[in-house]
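For reference, the structure discussed in these notes is given below.
Atoms within a ligand are numbered from 1 in the order they appear, just like the ligands themselves.
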Amino acid sequence: MSMTTQILGSKEVALSPPYIPGDGHGEALVGRDRECRTVLAAWLVQPGFVPMAPLLVGEPGVGKNRIVYELARITGRALYILQGHEDVTADDLACGVRFSDDPQRKMDYVLSPLATAMLTGGIAFLDEIGKLRARALAPLAPVLDDRRYLDSTLLGERIQAKPGFRLIAATNSVDLAAEALPDFARSRLRPVLRIGNPPRAEIGRIVEDRCRRLGSDGGGLMKAFWGLWDRHYGERLPSPRDTLYTFALAMSLADHEAGITEPGSMARPVKVHKRHVEQAFGQLFTPGGAQ
Ligand SMILES: Nc1ncnc2c1ncn2[C@@H]1O[C@H](COP(=O)(O)OP(=O)(O)O)[C@@H](O)[C@H]1O
Ligand SMILES: [Mg+2]
């Protein structure tokens, strides 16, 4: 992978690549106007203030990433995603090293997605921030207040954020409930937006947009899905991810039944029947399935 490099202080550093939303995210965002408006307002700068760093809180699959991709699209800024997990260290938040592909050198410095966003004026998305250990989060304090800088011990450099830099974080409700985030982070990550599952009509539109091949059969199949869902889970709502997985598996079951091994190998898509949705639902949600 060829990387863009930049001189920082006396060292040449490689930048993290931006994330460019591709397949499956090209479709329009369904709903979420209020959430997008709130974040865009929080990112505006008032004289004497720094832009805020909102925190999205919601169960897996509700659409947190999808909202962030939309925000990047609306603002036209490059998006850099840092995936939180327990092994991330305070140093990783700024910069890492890896063996170089260049025979002239042993190691390359690679700026983290956060540091790259700061240096280039992009958006940093700290996903699953609740999974980071408190110690690893410490360097975030100056990033999130009026100092807007990040220190890298490895580089021995301070990275000052460009004015265009914006930050947004996400965590799932369980991680937040466990008070996983230290107070300094909680008090700086504002506003907190609770993201729930979209209403049924919006879930229906998400499936319709993503599963175009269902065409006029889509409505009936969606109804079959709701029938199954109600029987097992009643009033609760499925997440967009749960629902999309069901339809993706139903389409694949239909293809497989028709002997298709390569997607797109048929001139016309194979018809998906109610039984495929039932089978997919059974696989994904009933005891023994993934739920
Ligand atoms: N409002 C929406 N409009 C269109 N697609 C959505 C929407 N919400 C979720 N999705 C789709 O549902 C799936 C799960 O969403 P994702 O953003 O990955 O959830 P999370 O980050 O909360 O786990 C993705 O395929 C995403 O594109
Ligand atoms: Mg996510």
Where ligand 1 meets [X] - atom numbers and elements under 4.0 angstrom, heavy-atom basis:
{"X": "V30", "value": "1 (N), 2 (C), 3 (N), 4 (C)"}
{"X": "L29", "value": "1 (N), 2 (C), 3 (N)"}
{"X": "P60", "value": "23 (O)"}

Within a reach of under 6.0 Å around NE2 of H85, are more than 12 heavy atoms found that belong to other residues, nucleotides or ligands?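 Above 12, so yes.
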R32 to ligand 1: N or O pair under 3.5 Å?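 There is no such contact.
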Please indicate whether any nitrogen or oxygen in I206 is less than 3.5 Å from any nitrogen or oxygen in ligand 1.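 There is no such contact.
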Heavy atom to atom 23 (O) of ligand 1, shortest distance: which of G31, G61, C36 holds it?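 Nearest option to atom 23 (O) of ligand 1, by heavy atoms: G61.
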Among E202, R66, E128, R241, which one puts a heavy atom closest to atom 18 (O) of ligand 1?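 When every heavy atom of E202, R66, E128, R241 is considered, R241 comes closest to atom 18 (O) of ligand 1.
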State, yes or no, whether a side-chain contact exists between L237 and R200 at a heavy-atom distance under 4.5 Å.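 In short, these two side chains touch, coming nearer than 4.5 Å.
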Minimal non-hydrogen separation, R32 against V62, with atom names: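 Looking at all heavy atoms of both residues, the shortest contact is NH2-O, 2.9 Å.
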Pick out which of K223, K274, K271 makes a salt bridge (charged side-chain N to carboxylate O under 4.0 Å, His left out) with D217.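 One option only clears the test, and that one is K271.
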Look at the rings of F281 and F225 and say which category their plane angle falls in: under 30° parallel, 30 to 60° tilted, over 60° perpendicular.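 Aromatic pair F281/F225 classed perpendicular.
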R205 touching ligand 1 at heavy-atom level, < 4.0 angstrom: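 Judged by the 4.0 Å heavy-atom criterion, R205 does not count as contacting ligand 1.
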Check for me whether the distance between the ring centres of F125 and Y19 falls short of 6.0 Å.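 So the answer is no for these two rings.
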Proximity to ligand 1 by part of L244, non-hydrogen separation under 4.0 Å: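 Only the side chain of L244 comes within reach of ligand 1.
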Passes salt bridge (Lys or Arg N to Asp or Glu O under 4.0 Å), R205 versus E202? Steps please. CA-CA 5 Å; R205 267 165 57 207; E202 288 183 7; 5.2 Å; no
